[in-house]
Amino acid sequence: MIHIAETVTVGSVEGFLDDDERAGLTAVMSAFLAGEGPAHFDAGRTTSIHEIPGHSPEQAMAVYEPAGRVEVPRIPGEAEKLLQHAFDRARPALSRVMPSIATCRPWTYVEYGPGQHITGHLDGIAPDPLAWPRQIAGISVVISDAEAGGAFYVESCSSDRLWNARLEGGADGYADGMWLAHDGSDHSADWFTAMPRTRWNVSPAPGTALLYGSQLTHGTEPVTRGRVSKFISWLIAEKAEE
């Protein structure tokens, strides 16, 4: 049973990656980007992992990453294997915070330079909150931090406007009284942009994994000096065997 707390909570796993693992991932991604051409994943990119119904990829990118970013949705197999191993290693700690988590989706690599950031948004319980499997949380691991700026944040909110439906009776694999957030909870929606929220900033040590529920607003502050590189993924709940 998925509880709403799993979709709006935050957590951390210190030492998710050690220094040698971070150095190895840096080397793999540096070689990959040099070989492919960094511009292919930055200024030359025309697709995004973010989608907004009724909007083109270019429009979604303008909403989510108005100053751009480097985004590699399919990372080298060596890097994917290492990160999945780290996820498996951290599962006991992860399960205490989010017991419904079963698997981790393939990882995405992102970089932000000066002025670049991600605007606040909810990922939502994707791709369909009433279908399986279900994305119930995100995970982010900084590999190298910016000299200034670029902090990750979550935003809490008490407004009823955020919520769309309440599920009664413990149906569809959710605990009784589960709430589902509105689709389109991002800066393409005037109601979301205007909704009062309280921001909580964090600057984790490189190698620490941050966990954030899929129904929790999150984003990053603009980088002001240097560059930040990180890997992100999404944590999945699967239907229990009957």
Side-chain angles (χ1 to χ4, degrees), residues 1-11 47-57 59-61 63-65 73 87 91 94-108 118-140 152-198 200 209-220 232-242:
M1 285 271 181
I2 299 170
H3 194 280
I4 190 172
E6 297 180 77
T7 70
V8 296
T9 195
V10 295
T47 60
S48 172
I49 60 173
H50 295 114
E51 298 178 349
I52 304 174
H55 292 64
S56 69
Q59 290 171 322
M61 291 166 67
V63 169
Y64 278 85
E65 41 174 298
F87 166 76
R91 285 193 65 166
L94 292 167
S95 65
R96 285 194 290 270
V97 180
M98 298 174 177
S100 297
I101 291 170
T103 59
C104 179
R105 283 187 173 165
W107 293 76
T108 293
I118 285 288
T119 57
H121 64 280
L122 272 69
D123 291 334
I125 301 176
D128 180 344
L130 300 182
W132 298 95
R134 294 170 182 169
Q135 170 184 300
I136 64 168
I139 183 170
S140 171
F152 179 84
Y153 64 79
V154 298
E155 292 177 335
S156 55
C157 175
S158 62
S159 174
D160 293 339
R161 185 67 181 83
L162 182 63
W163 302 102
N164 180 44
R166 189 172 192 265
L167 304 180
E168 305 289 354
D172 300 306
Y174 291 109
D176 187 30
M178 176 70 181
W179 282 92
L180 300 178
H182 275 286
D183 289 338
S185 297
D186 57 41
H187 280 256
S188 69
D190 291 341
W191 67 264
F192 180 83
T193 304
M195 187 174 61
R197 300 188 296 275
T198 299
W200 308 67
L210 295 181
L211 315 174
Y212 42 96
S214 288
Q215 299 197 114
L216 181 65
T217 301
H218 60 279
T220 63
I232 58 176
S233 186
W234 296 268
L235 305 178
I236 304 302
E238 296 179 339
K239 188 175 183 179
E241 295 184 3
E242 297 179 354

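The figures that follow rest on heavy atoms only: side chains count, while hydrogens, waters and symmetry mates do not. Fair warning: this is a prediction, and the values are worked out from it, not measured in the lab. Sequential numbering from 1 along the given sequence is applied to the chain's residues.
Interatomic distance, Phe87 CZ to Arg91 CZ, rounded to the nearest 0.5 Å: 4.5 Å. Put simply, CD1 on Ile101 and CG on Leu235 are 4.0 Å apart, with the number rounded to the nearest 0.5 Å. To the nearest 0.5 Å, the span separating CD1 on Ile52 from CE on Met61 amounts to 11.5 Å. The SG atom of Cys157 sits 10.5 Å away from atom CG of Leu216, with the distance rounded to the nearest 0.5 Å. Interatomic distance, Gln135 CD to Cys104 SG, rounded to the nearest 0.5 Å: 10.5 Å. Between Ser214 atom OG and Arg134 atom CZ the span is 12.0 Å, to the nearest 0.5 Å.
Counting only N and O atoms by type, the side chains of Ser156 and Trp200 include a donor and acceptor under 3.5 Å apart.
Using a 4.5 Å heavy-atom threshold, the side chains of Leu162 and Trp179 count as separate. Between Leu122 and Phe192, some side-chain heavy-atom pair lies under the 4.5 Å cut-off. Taking the side chain as every heavy atom from C-beta outward, Trp234 and Ile49 approach each other to under 4.5 Å. With contacts defined as side-chain heavy-atom distances shorter than 4.5 Å, the pair Val63/His121 does not qualify. In this structure, Glu238 and Thr103 have side chains that are in contact, with non-hydrogen atoms separated by less than 4.5 Å. Between Ile118 and Phe152 there is no side-chain heavy-atom pair separated by less than 4.5 Å. His218 is not listed as a side-chain neighbour of Glu155, based on a closest heavy-atom distance of 4.5 Å or more. Taking 4.5 Å as the limit, some side-chain heavy atom of Asp123 sits within range of a side-chain heavy atom of Tyr212.
Residue pairs meeting the salt bridge (Lys or Arg N to Asp or Glu O under 4.0 Å) criterion with at least one partner in residues 168-187, sequence neighbours excluded, are Arg166-Glu168.
Of the residues Gln215, Glu6, His3, the one that meets the side-chain contact (heavy atoms from CB on, under 4.5 Å) test with Ile136 is Glu6.
Closest approach of Arg105 to Ala126, counting heavy atoms only: NH2-O, 4.0 Å. The minimum heavy-atom distance linking Trp191 with Ser185 is given by the pair CH2-OG, 3.5 Å. Minimum heavy-atom separation, Ala189 to Gly184: CB-O, 3.5 Å.
Geometrically, Arg161 does not engage Trp163 in a cation-pi contact, judged by NZ or CZ lying under 6.0 Å from the ring centre and within 45° of the ring axis.
More than 12 heavy atoms of other residues, nucleotides or ligands lie within 6.0 Å of CG in Asp128, so this atom counts as buried by the packing criterion.
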Check the pair Met178 / Ile125 against side chain to side chain contact (heavy atoms under 4.5 Å, CB included), numbers first and verdict last. CA-CA 12 Å; Met178 176 70 181; Ile125 301 176; 3.8 Å; yes

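One N or O on the side chain of Tyr174 and one on the backbone of Pro129 form a donor-acceptor pair closer than 3.5 Å.
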